[in-house]
Amino acid sequence: MTAFSIIGKSVKRNDLIDKVTGSAKYVADMQFPGLLYGKTLRSNVAHARILRIDASRALALPGVKAVLTHSDVPRVLHAGSPHPRSASLSCDQYILDDKVRFWGESVAVVAATSEEIAEEALGLIQVEYELLPAVFTVEEALRPGAPLVHDLGPGGNQVLDPVTCQRGDVEKGFQEADLILEGDYEGGRPVPAYMEPNVCTCQWDPTGGLTVWISTQTSFMVRGIMAEVLGLPLNKVRVLVDHMGGGFGAKQDLFQTEFLCALLARKTGRPVRMEFTREETFLGGRTRHPARIWLKQGFKKDGTITARQARIVYTSGAYGSHGPGVTNVGTTALASLYRCENIHVVGSCVYTNTPIAGAFRGFGVVQAYYALDIQMDEAAVALGMDPAELKLRNAVREGDVAPSGHPLIGHGLEDCIRRGKEEVGWEALRSRERDEHGPVRRGWGLGCEMHGSSAYPGIKEQGNAIVKMNEDGTVVLFTGTAGLGTGTHTVQAQIVAEEIGVTFESVSVVHGDTDAVPWDIGAFASHTTYMGGRVAQMAAAEVKAQLVARAALQQAVDPSQIEVRDGVVSVKGTDRSVSVREVMMPKRGIPAPQFVGSATYHPTKSYSFAAHFVEVAVDIETGAVKVLQVVPVHEVGKVIHPVAAAGQIEGGIQQGIGHTLYEDFQIDLKTGRSLNPNFVDYKMPLFMDMPTIRTVLLETAPDPGGPWGAKGIGEDPIVAIGPAIANAIYDAIGVRFHHYPIKPEQVLAALQEREGGAQ
Amino acid sequence: MKSFDYFEPHSLEEAVGLQQQGQGRGCWLAGGTDLLVQMKEHVRQPGLVINLKKIRGLDDFHFDSVTGLRLGALVTAREVETSPLAHQHYAGLARACTDFASIQVRNRATVVGNICRASPSADTLPPLLADDASLCIHGPRGTRTVALEGFCTAPGRTILAPDEIVTHVLVPAPAPGTAKVYLKHGRREQMELATVGVAVSLTMSRGRCSRLGIVLGAVAPTPLRVPTAEALLLDEEPTRDRVHAAAAAAAQACQPISDVRASAGYRRQMVEVLTRRALVQALEVLR
Amino acid sequence: MNQVINLTLNGEPRTLMVACHRTLLDTLRLEGGLTGTKKGCDVGECGSCTIIMNGKLVNACLVLAVEANGAEIITIEGIQRSALELHPLQENFIKYGAAQCGFCTPGFIVAAKALLDENPRPTIDEIRFAMAGNICRCTGYTKIVQAVDETAREMQENGREAL
């Protein structure tokens, strides 16, 4: 086995010095002479036709430079998330429409010389609406004759035609079952709540070129759709992304502000910045898809699953955004995780007059596996088995067909469960004596998941990288991968350095400029290491071949005799060695040619696995649940940067605890108004609410599609933690919850209901 | 925020004069942690903002075992939180000052500001009311002292006239054998607005409860003192049953609403749990 | 209404003309050129704009710029020991992975500095309590505790060595 020089080491991340000193420039930090501030007027009705907009008073306000309404902007139908290689898009948005479809939708924009003036101007715009009947829930949207949110698509408020995932014969499977469980499960409406509100700045140059500084995960997608909608060639749209303050999937979309910002800049001839307020990140941002899941499974006495049938309905909100992708991924996910030969799952996605659901870490799978893993726990209780044993027995493994249609590699899930059991002393915990004194009850739970790296097959993925070696032997990687904050540029630099055989410090990374780096599909789907890292490795290998050829020539040996490691080139079996720098130095006055490697990679998909072991404390008098500790065990193929990998897991757990116990973006079901679009009432767990986390990383099922077997890690943790908590609550108080977030008053009500039933 | 005129008077008279010139369109600024948010959200749009920080004597923080505690209008929550004296004699208030918002906010937010904001969920009001606090008010007609009880009249409303300033809050010295507790219910450990707050100030003498204040926060338009609950323990031995009965009476007396934070029914249940726990905790302190 | 204010920004005396209705946060960012202090919510709920004002930790979004007249302000840009030397907190935030997207990081580092100035050897719970007003959405806080705790330990050891 090769010993690694750089892979597996937590090198100093190359983006953090700027971040810890405050010198990192995020989009809102960039100063422009003559900058104007753009602000959005948002609707205060949920579904209406706009009859009239009077902006004259706003335009008359000193300092206001432009106002745009739907009649001032190009009317081009486009997808909110226009992934160019996606199999399913919902093309249902205009830059501004003469209709609003949710409370908080953009109606008009203003550009002014200060934020205060722009804000004042918004208050001076008068909008006359003709109210339309609205639908706020799945039930309302699917009722026969329900008002339609859109006139396009399959109709009946469906975002796409229902997706079916089928194999075997479920009827036969249920007939063979000794135990049949059936239940309804429900996922709420959490939001990503990235710390940096959405922001972009647009500026036109005299040649008609547009530059966009933006906080996005998908700069090339932004370039593509802006060019299309604004009618520009790609070389006239330059999108720049340097540091960004988180995205968690949601910053894959366009938020209409990008187009409007460009149009305001064009109209005023000045740079314009549009920055969301925190409230706007709720209203105009993206949420996770609320979901209803009906799940039925059959089990043999020994725990074997004989059939699985499910219907899953996602709520898309007012636009389709990632609805098709989420529906496909979530539906097919239910065919996996726990083995079953007879499967019938139907997934659908429904429009409602509510804020838009989009891509968000865990992409449809959070909801699906919350239901599936909890029902496994229920089955274990019903069968009198240890849930860990039941899950182990049914864990998918080597050769099983994955949701992507490919055979799975290795035994990652089983490895995670086994290792976690050892870490927490599961057997002893199961048989421990329960402390029934006082109002606090403790419980342990296990939650499992698997998640794909890359969006294949829904998106035909493509990764690109260019690597060049400078004349002193240092290396530059050009990548389109956006740096959301995960440390991906460090990881890719590690991979390039390891592949070529130079030090980590001698590799720098150019990213975030669509004019300079090769095309990139975006940073999402847990694929930046798996795909971005792998393609960087492929490009680096090309440079290495050129380096080795030059060294071999210099040393007069066959290239196969050359070894490069830590910046040193040596001839195998001899003590001859020179530095990479020396190899690259001019020879007889002639400099080395420019070594450039480039690569394109079309990956399929790999799967990572996790088992989370969680301890909770439940106060049976108040219903409050506190997560005391989490032991997450993740199988990721190969760990490139242990600290960064653990950071992904810990952060995902924090968000997952939030979704499961605290976070709930609430919509008034009478008016569609958002009730808590702020950090006062949208409760995320904070420092004091977080448990201790003891992360375990496994490398037992490497995937050949990733660099040295590495797979994704970004989304996995948020999937496993939810059911683990719900199962731990059951263990603590014997009450089963099928929904999230599980709020204290629901816990208390359930306890009292049980008490009442018992009396 | 909309633009406004800004002044930093050096005396109470000057401050009141500015307010009168501004025809009551002015806002006092002490900590500013509520005012700035309200201005940003257009809840208040004052024509002038009068910063009280330059006025002498308003940073008074004085304790005397006979006259009690005297807090000036500029004393911050963090000053109370970090004061050993406050912890010793006004544990409920100290807890309330520790439990709200963040250190960043508590370094600015003042106790008097929290009182004058008159939020139903204000943390400092229940413990102050339980301790029979009073307020010194300065206005064009001189200075008056009023009981804190009755000061808040509705959410965000008080008896204060626009040209009046609360200069101090006064809290009587605790009698020997007194314990004070403030318990707050919220979803998070910190950075939380109370779903329910319960303050108890309890004095025991010769095995009986000789003085008791039970005040509930966030379950009525203004913080609610519950004499019906207090009566069940006053002059009595605080047995388990009486404590439970008092807690039930508190739950009976409150008038909670349902909102995005909790339902009325849940709030009422929490009043009972927290009142009981607060009483038990106070009795434990005295044991 | 505008007003001239004099203040010390990271040790440097500065004179700024400010609008009375502008916050210190916007002033630092727009007039002061100090964009390390971030706007995450603008209502004192996230801690991204945490600065030290006259020795006290505050949210710059909840202070009027005019109130900073005569004040001594330390922002993230004033934490570094010199142009070339990072503060140990900064070193450890890098080393322990206490920053990811980095947007909340300046606020956390300033809050951590204020904590260590006041309490050089805080317990883990004291660290968590002191930073309860700072939201991080990436790290799960685990590595932030580690970085602050490790810094306190190091600074104490180095302090002893210096004696």
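Lettering of chains follows the sequences in order, A, B, ..., and the numbering in each one begins at 1.
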Could you tell me whether a side-chain N or O of C:N59 sits under 3.5 Å from a main-chain N or O of C:T50, the two making a donor and an acceptor?
no
Does the structure place the NZ or CZ of C:K38 under 6.0 Å from the centre of the six-membered ring of A:Y26, at an angle of no more than 45° from the ring's axis?
no
Quick check on C:T139 against chain A: is it the side chain, the backbone, both or neither that has a heavy atom closer than 4.5 Å?
backbone
Largest heavy-atom contact set with chain A, pairs under 4.5 Å, which of C:E45, C:K143, C:R137:
C:R137
Quick check for you: among C:I94, C:D125, C:T105, which has the greatest number of heavy-atom pairs under 4.5 Å with chain A?
C:I94
Taking every non-hydrogen pair under 4.5 Å, which of A:F679, A:F687, A:F276, A:F248 racks up the most with chain C?
A:F687
Reported NE2-to-OG1 distance for the pair C:H87 and C:T151, which is rounded to 0.5 angstrom:
8.0 Å
Of the listed C:L89, C:D42, C:I109, C:I135, the one with the largest count of heavy-atom pairs under 4.5 Å with chain A is C:I135
If I measure from the heavy atoms of chain A, does C:Q90 come under 4.5 Å with its side chain, its backbone, both, or neither?
both
Closest-packed option against chain C by number of heavy-atom pairs under 4.5 Å, given A:T21, A:I17, A:V11, A:I693:
A:T21
If you count heavy-atom pairs within less than 4.5 Å of chain C, which of A:S23, A:A28, A:A193 leads?
A:A193
Part of C:F108 within contact of chain A (heavy atom distance under 4.5 Å)
side chain
Is there a donor-acceptor contact under 3.5 Å from the side chain of C:E126 to the main chain of C:T123?
yes
Counting heavy-atom pairs under 4.5 Å with chain C, the top scorer among A:P685, A:G658, A:G485 is A:G485
Given the options A:D29, A:I657, A:L16, A:L484, which has more heavy-atom pairs under 4.5 Å with chain C than any of the others?
A:D29
If I measure from the heavy atoms of chain A, does C:V43 come under 4.5 Å with its side chain, its backbone, both, or neither?
neither
One option among A:G247, A:P192, A:A644 has the most heavy-atom pairs under 4.5 Å with chain C, and it is A:P192
Checking A:R288 against A:F360: charged group under 6.0 Å from the ring centre and within 45 degrees of the axis?
yes
